[in-house]
Amino acid sequence: MAENIYDVLMERGFIEQCTHPEEVRELLGKEKVTFYIGFDATADSLTAGHFLTIMAMMHMQRAGHRPIALLGGGTTMVGDPSGKSDMRKIMTKETIQHNAECFKNQLSRFINFDNDNAILANNADWLLDLNYVDFLREVGAHFSVNRMLNAECYKQRMEKGLTFFEFNYMIMQSYDFLKLNQMYGCQMELGGNDQWSNIIGGVELIRRKENKPAYGLTFKLLTTSEGIKMGKTMKGAVWLDPEKTSPYEFYQYWRNIEDVKVEECLGLLTFLPMDEVRRLGALEGAEINHAKEVLAYEITKIVHGEEEAKKAQEAARALFANGGKTDDMPTTTYAKAELDEGKDILTLLVETKLAPTRSEARRLVQQGGVTVNDVKVTDVYQKFTTGDMDADGALVLRKGKKVYHKVKAD
């Protein structure tokens with residue numbers, strides 16, 4: 001008998017909360033369950049933050065269950081207040097539609113949508129043409145404002161001010177679950193733990209309105225040891241689109257995570273057997289770097305394919321072996337005339353995105369965290385020209401011990 005997927009997700013560290021744990025486990029063990037996860041189309045690429053939920057979808061599909069990836073063409077127009085201190089900026093329908101198309105292409109790399117094995121839906125199909133009064137009668141009547149105001153996602157916003165516009169978000173997401181239940185027999189909604197209040201709203205709506213069982217389950221959110229969401233760098237989000245975050249940068253992000261997070265990420269973000277996850281997670285001292293290499297390679301392989309993962313790993317190893325020389329390193333190319341005139345170190349750090357601002361670049365130099373061609377830079381006004389390039393015609397900038405960037409002249 002195949003292992004129950006509920007137990008697999010639990011052992012690997014996914015499950016944070018579940019509405020009816022025993023019933024859900026029993027259901028997943030005895031029949032093919034249709035479940036859904038929503039993706040609001042707020043950008044033109046999915047991020048490392050989405051990757052955890054995509055992994056859960058892949059596990060569920062491999063175990064014989066049917067995923068619905070719900071693109072938020074409608075909900076994105078409102079914006080989810082969960083975990084946000086400010087209201088989301090309003091986007092045009094065209095931008096949202098473009099983003100949804102990008103999500104669809106990316107999700108197809110991970111999820112098999114052939115022969116009804118999975119469904120791609122877009123809540124714009126039912127949300128954008130709703131009759132407001134009918135909607136209030138049909139759905140709004142089932143929601144208690146008192147209970148909604150006690151939900152964690154709204155509590156955080158009450159001090160700053162919560163618009164009625166955003167207050168509708170929970171009802172809209174709950175309505176999505178109801179529609180998917182009616183259209184496809186969807187019985188479960190899955191999502192990050194910040195979605196718990198919204199998910200309960202949908203579960204209760206179906207149980208009240210349809211008198212049918214419905215279930216919700218949330219995954220842990222990937223955070224650093226300080227509690228900050230993982231998948232963010234100085235340059236912003238870590239994207240799954242190779243044009244926005246190169247496979248090399250993607251690999252390096254996971255190669256450089258905190259030691260204490262290695263085992264957790266191996267369990268959640270790779271398909272390695274749990275015995276191997278625990279063995280690698282138990283490594284200590286310099287050996288933990290081997291575990292980080294495995295982690296970075298495995299995640300990059302799932303997202304970008306084996307060939308790109310190998311190239312990224314070889315490039316990263318070459319950096320350490322050659323003091324930062326490799327063809328696959330992130331590179332900025334300037335016109336020769338521009339470099340002949342010279343670029344000061346602060347400008348170089350900002351333009352290569354090694355620092356977000358000149359003041360941050362200045363701080364890095366003053367703290368001794370910047371080298372160019374293995375020589376520490378101590379003067380914040382120091383200029384570099386083509387005359388400073390090494391034998392290979394490059395300036396290799398290094399921030400800290402592990403972040404490299406090559407500057408070349410064209």
Side-chain angles (χ1 to χ4, degrees), residues 19 34-42 68-84 86-97 99-100 103-104 119-158 161-192 194-218:
T19 55
T34 298
F35 66 95
Y36 99 90
I37 297 178
F39 298 90
D40 269 357
T42 50
I68 300 174
L70 180 67
L71 303 175
T75 35
T76 308
M77 296 186 76
V78 174
D80 181 4
S82 306
K84 310 276 189 313
D86 295 305
M87 195 166 120
R88 186 188 275 171
K89 74 175 196 299
I90 307 298
M91 300 165 76
T92 65
K93 283 187 187 179
E94 292 72 28
T95 303
I96 292 167
Q97 192 50 45
N99 292 348
F103 278 23
K104 177 180 172 180
I119 294 162
L120 197 76
N122 189 330
N123 63 19
D125 295 346
W126 54 82
L127 288 178
L128 297 189
D129 297 322
L130 274 177
N131 177 304
Y132 188 60
V133 176
D134 288 348
F135 180 66
L136 286 180
R137 283 169 61 111
E138 188 187 337
V139 178
H142 294 280
F143 284 81
S144 151
V145 170
N146 297 19
R147 284 198 60 191
M148 287 173 77
L149 288 174
N150 276 323
E152 203 53 48
C153 61
Y154 292 134
K155 260 194 207 158
Q156 295 170 3
R157 292 295 303 277
M158 291 304 279
L162 175 74
T163 64
F164 181 69
F165 184 53
E166 295 169 287
F167 191 57
N168 278 272
Y169 192 91
M170 182 191 286
I171 301 176
M172 290 166 75
Q173 184 168 329
S174 302
Y175 185 64
D176 285 345
F177 194 178
L178 176 67
K179 288 297 288 186
L180 294 173
N181 180 271
Q182 291 168 344
M183 293 161 72
Y184 304 112
C186 177
Q187 292 178 270
M188 281 183 73
E189 180 181 356
L190 280 54
D194 54 356
Q195 294 299 308
W196 182 240
S197 306
N198 294 336
I199 289 173
I200 290 174
V203 168
E204 292 185 348
L205 179 63
I206 292 168
R207 287 178 172 246
R208 280 201 199 104
K209 196 166 165 43
E210 304 285 298
N211 288 319
K212 284 203 262 176
Y215 308 96
L217 186 150
T218 60

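Along the sequence shown, residues carry numbers from 1. Keep in mind that what you see is a predicted model, and the values were worked out from it rather than measured.
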Any chance you could lay out the side chain to side chain contact (heavy atoms under 4.5 Å, CB included) test for Thr19 and Trp196, step after step, and finish with the verdict? CA-CA 9 Å; Thr19 55; Trp196 182 240; 3.8 Å; yes
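- Of all heavy-atom pairs spanning Ala121 and Ile68, the tightest one is CB-CG2, 4.2 Å.
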Can you give me every donor-acceptor pair (side chain of residues 199-216, partner residue at least two apart or in another chain, under 3.5 Å) with its distance?
{"from": "Glu204", "atom 1": "OE1", "to": "Arg147", "atom 2": "NH1", "distance (Å)": "3.1"}
{"from": "Glu204", "atom 1": "OE2", "to": "Arg147", "atom 2": "NH2", "distance (Å)": "3.3"}
{"from": "Arg207", "atom 1": "NE", "to": "Ala214", "atom 2": "O", "distance (Å)": "2.9"}
{"from": "Arg207", "atom 1": "NH2", "to": "His20", "atom 2": "NE2", "distance (Å)": "3.4"}
{"from": "Arg207", "atom 1": "NH2", "to": "Ala214", "atom 2": "O", "distance (Å)": "3.1"}
{"from": "Arg208", "atom 1": "NH1", "to": "His142", "atom 2": "O", "distance (Å)": "2.9"}
{"from": "Glu210", "atom 1": "OE2", "to": "Gln182", "atom 2": "NE2", "distance (Å)": "3.3"}
{"from": "Lys212", "atom 1": "NZ", "to": "Asn181", "atom 2": "OD1", "distance (Å)": "2.9"}
{"from": "Tyr215", "atom 1": "OH", "to": "Glu23", "atom 2": "OE1", "distance (Å)": "3.1"}

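- With a 4.5 Å cut-off on side-chain heavy atoms, Asp40 and Phe103 do not count as touching.
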Residues Asn99, Phe39; criterion side chain to side chain contact (heavy atoms under 4.5 Å, CB included); working and verdict: CA-CA 10 Å; Asn99 292 348; Phe39 298 90; over 6 Å; no
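- The shortest side-chain heavy-atom distance between Asn123 and Lys179 does not fall under the 4.5 Å cut-off.
- Note that CG of Asn122 and CG of Leu70 are 7.0 Å apart. Values are rounded to the nearest 0.5 Å.
- Annotation for Asp129: atom CG does not count as buried by contact number, only 12 or fewer foreign heavy atoms lying within 6.0 Å.
- Lys104 pairs by the side chain to side chain contact (heavy atoms under 4.5 Å, CB included) definition with Leu71, Glu101, Leu120, not counting sequence neighbours.
- The two residues Ala100 and Ala41 have their closest heavy-atom pair at N-CB, 3.8 Å.
- Taking the side chain as every heavy atom from C-beta outward, Phe135 and Tyr175 approach each other to under 4.5 Å.
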If you apply the rule side chain to side chain contact (heavy atoms under 4.5 Å, CB included), what do you find for Tyr36 with Asp176, and how did you get there? CA-CA 10 Å; Tyr36 99 90; Asp176 285 345; 3.8 Å; yes
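- The CG atom of Asn198 lies 12.5 Å from the CZ atom of Phe177; values are rounded to the nearest 0.5 Å.
- Annotation: the span from Trp126 atom CH2 to Met183 atom CE amounts to 5.0 Å, rounded to 0.5 Å.
- To the nearest 0.5 Å, atom CD1 of residue Ile119 and atom OG1 of residue Thr34 are 6.0 Å apart.
- Here the CG atom belonging to Leu180 is positioned 14.0 Å from the CE atom belonging to Met188, to the nearest 0.5 angstrom.
- Donor-acceptor pairing under 3.5 Å is recorded for the side chains of Gln173 and Gln195.
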